[in-house]
Amino acid sequence: ESKRAFIAGVADDNGYGWAIAKSLAAAGAEILVGTWVPALNIFETSLRRGKFDESRVLPDGSLMQITKMYPLDAVYDSPDDVPEDLKTNKRYAGLSNWTVQEAAESVQQDFGTIDILVHSLANGPEVSKPLLETSRKGYLAAVSASSYSYVSLLKHFLPIMNPGGSSISLTYIASERIIPGYGGGMSSAKAALESDTRVLAFEAGRKHKIRVNTISACPLRSRAAKAIGFIDTMIEYSLANAPLQKELSADEVGNTAAFLASPLASAITGALIYVDNGLNAMGIGL
Ligand code: NAD
């Protein structure tokens, strides 16, 4: 019987969310995505016009199908949280039911249940500022969009997740080691996400038999990463210093997500899995 996945944080074919969608689709899962409200229209149009057809090709030659796309802004939990000015904002006004609670309700109405939940989103408005120069507002915004968004997603989707299901997020080693340039409280947000992975694994495991894991991935030239600015330096650093001297392909993260979501990983929960060519294991570069 085929599994159904909801992947939050897909808005083009460059990021980890897209690669995870492909790996899950290749393994036979039905794909639903949650796309950031301001990005949904262009993503939908581009997909419909065939702009992503080349990157939709699965190993068997067929094209990945996205059964349904949902607008989502994971910074808002329920309609009560949405400020007036955003309701009338041009990029939000035409769309509805995009808070986390409403997105979960929509998925439930359309499909009943899901088996796999993926959180592949982050945002830190001050990411290019060092922590010492980060404002309280910027820091809290990073944690809201990048960490609490996951707590909220899991909280709202858990009731419609089939027991035995799996939830996955994406993190970065800047949470535990100093990565100059990954600022704005984003390193703090990833540390929260990783700690929450353990606590949520306990709570979701006991309550609903759901596994909760996070993938600590290597730098990838995604839209989000290009916004940080130092992505090329990081990729070069990894190429020079990691045990495996190759550029990481997003598919390698996608495949790990597919493994974690599968029964092959039935005893893995609360774990942080590095998919980084082994870079995390190095003490110094050579
Ligand atoms: P990406 O740009 O493909 O994905 C980020 C997505 O988040 C975008 O689609 C964006 O529209 C969405 N988003 C932002 N704010 C949102 C909100 N409030 N509500 C809903 N969606 C929102 O970039 P990516 O690099 O693939 O990022 C995916 C995940 O991977 C993130 O958690 C990121 O931190 C993590 N990650 C990335 C790298 C890297 O080098 N690219 C490394 C390690 C971890």
Side-chain angles (χ1 to χ4, degrees), residues 6-22 33-43 46 52 55 69-77 81-82 86 91-92 95 98-100 102-103 118-125 127 141-150 152-153 168-177 179 181-182 184-194 196-197 214-235 237-238 247-254 256-257 272-277 279-280:
F6 181 84
I7 304 164
V10 185
D12 58 40
D13 62 347
N14 288 321
Y16 283 130
W18 176 270
I20 291 171
K22 276 181 74 177
V33 302
T35 301
W36 196 30
V37 186
L40 182 67
N41 269 332
I42 176 142
F43 181 49
S46 306
F52 302 130
S55 39
M69 286 176 183
Y70 293 87
L72 177 71
D73 193 325
V75 162
Y76 303 102
D77 303 311
D81 300 327
V82 180
L86 198 59
R91 298 159 87 194
Y92 282 74
L95 293 160
W98 41 258
T99 65
V100 177
E102 294 167 294
V118 179
H119 176 280
S120 181
L121 63 96
N123 198 11
V127 65
V143 172
S144 172
S146 314
S147 319
Y148 189 77
S149 59
Y150 186 50
S152 180
L153 262 185
I168 295 154
S169 67
L170 273 303
T171 188
Y172 184 47
I173 197 168
S175 58
E176 33 171 345
R177 299 275 186 269
I179 310 281
Y182 196 76
M186 277 306 299
S187 57
S188 330
K190 290 305 191 189
L193 181 72
E194 292 171 19
D196 295 345
T197 298
T214 191
I215 295 173
S216 187
C218 239
L220 172 80
R221 266 185 212 85
S222 63
R223 197 186 175 102
K226 278 189 231 152
I228 304 171
F230 68 132
I231 187 72
D232 291 315
T233 317
M234 293 312 296
I235 290 174
Y237 182 89
S238 179
E247 194 164 321
L248 189 90
S249 138
D251 295 347
E252 294 174 295
V253 168
T256 304
L272 181 151
I273 310 284
Y274 295 101
V275 182
D276 66 347
N277 288 323
L279 186 63
N280 73 88

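Side chains included, hydrogens not; waters and symmetry mates left out as well; all remaining heavy atoms used. In each ligand, atom 1 is the first atom listed, and ligand 1 is the first ligand listed.
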Task: Part of Asn14 with heavy atoms under 4.0 Å of ligand 1, whether side chain, backbone, both or neither - done: neither

Open item on the list: Within the structure provided, determine whether Trp18 and Ser120 are in side-chain contact (heavy-atom separation under 4.5 Å).
Closed with: no

- [ ] Work out which heavy atom in Val10 is nearest to a heavy atom in Gly17; give both atom names and the distance.
- [x] CG2-C, 3.7 Å

Task: Interfacing atoms of ligand 1 (cut-off 4.0 Å, heavy-atom, Asp73) - done: 17 (C), 18 (N), 19 (N)

- [ ] Write down the atom of Tyr16, the atom of Leu248, and the distance for their closest heavy-atom approach.
- [x] OH-CD2, 3.4 Å

- [ ] Name the closest protein heavy atom to atom 2 (O) of ligand 1, giving the residue it belongs to and the distance to 0.1 Å.
- [x] Ala224 N, 3.1 Å

Open item on the list: Closer than 3.5 angstrom, by distance alone: can the side chain of Ser238 be matched with the main-chain N or O of Ile235 as a donor-acceptor pair?
Closed with: no

Task: For atom 26 (O) of ligand 1, the protein heavy atom that lies nearest, with its residue and separation - done: Tyr16 N, 2.8 Å

- [ ] Distance to 0.1 Å, residue and atom name: give those for the protein heavy atom nearest to atom 44 (C) of ligand 1.
- [x] Thr171 O, 3.1 Å

Task: Element-labelled atoms of ligand 1 that are located less than 4.0 Å from some non-hydrogen atom of Leu170 - done: 29 (C), 30 (O), 32 (O), 35 (C)

Task: ligand 1 contact by His119, heavy-atom criterion under 4.0 angstrom - done: no

Task: Heavy-atom closest contact (Tyr172 atom, Ala217 atom, distance) - done: CD1-O, 3.4 Å

TODO: Look up atom CD1 in Ile273 and atom OG1 in Thr171, then write down how far apart they are to the nearest 0.5 Å.
DONE: 12.5 Å

- [ ] With heavy atoms under 4.0 Å as the rule, classify the contact between Lys190 and ligand 1 as side chain, backbone, both or neither.
- [x] side chain

- [ ] Could you check which of Trp98, Tyr150, Trp36 puts a non-hydrogen atom nearest to atom 10 (C) of ligand 1?
- [x] Trp36

Task: Side chain to side chain, Thr214 and Tyr150, heavy atoms closer than 4.5 Å - done: no

TODO: Any atoms of ligand 1 less than 4.0 Å from a non-hydrogen atom of Gly9? List them with their elements.
DONE: 4 (O), 6 (C), 9 (O)

TODO: Run the numbers on Tyr76 and Leu86 for side chain to side chain contact (heavy atoms under 4.5 Å, CB included), then give the verdict.
DONE: CA-CA 11 Å; Tyr76 303 102; Leu86 198 59; 3.4 Å; yes

TODO: Would you tell me which option among Ala11, Ser120, Gly17, Ser144 has the nearest heavy-atom contact to atom 6 (C) of ligand 1?
DONE: Ser120

Task: Protein residue, atom and distance nearest to atom 25 (O) of ligand 1, heavy-atom basis - done: Ser222 OG, 2.6 Å

Open item on the list: Given 3.5 Å as the limit, does a donor-acceptor pair link the side chain of Lys190 with the main chain of Ser216, or not?
Closed with: no

TODO: For Ala74, counting its heavy atoms only, list the atoms of ligand 1 lying under 4.0 Å from any of them.
DONE: 17 (C), 18 (N), 19 (N), 20 (C)

Open item on the list: I need the atoms of ligand 1 closer than 4.0 Å to a non-hydrogen atom of Ala122, numbered in the order shown.
Closed with: 7 (O), 14 (C), 31 (C), 32 (O), 34 (O)

Open item on the list: For atom 39 (C) of ligand 1, what is the closest protein heavy atom, and at what distance to 0.1 Å?
Closed with: Leu220 N, 3.4 Å

Open item on the list: Is any side-chain heavy atom of Tyr70 closer than 4.5 Å to one of Val33?
Closed with: no

Open item on the list: Contact between ligand 1 and Cys218 is defined here as a heavy atom of the residue under 4.0 Å from a ligand atom; is it met?
Closed with: yes

Task: Region of Ala39 engaging ligand 1 - heavy atom pairs below 4.0 Å - done: neither

Open item on the list: I'd like to check which ligand 1 atoms, numbered from 1 as shown, lie under 4.0 Å from a non-hydrogen atom of Leu72.
Closed with: 19 (N), 20 (C)

Task: ligand 1 atoms in contact with Ala217 (distance to a heavy atom under 4.0 Å) - done: 42 (C), 43 (C)

Task: pair Ile215-Leu170: side-chain heavy atoms closer than 4.5 Å - done: yes

Open item on the list: Could you report the tightest heavy-atom contact between Ser175 and Glu194, atom names first, then the distance?
Closed with: OG-OE2, 2.6 Å

Open item on the list: What protein heavy atom lies closest to atom 12 (C) of ligand 1? Include the residue and the distance to one decimal.
Closed with: Leu121 CB, 3.9 Å

Task: atom 3 (O) of ligand 1 - nearest protein heavy atom and its distance - done: Gly15 CA, 3.2 Å

Open item on the list: Between Met234 and Tyr182, is there a side-chain heavy-atom distance shorter than 4.5 Å?
Closed with: no

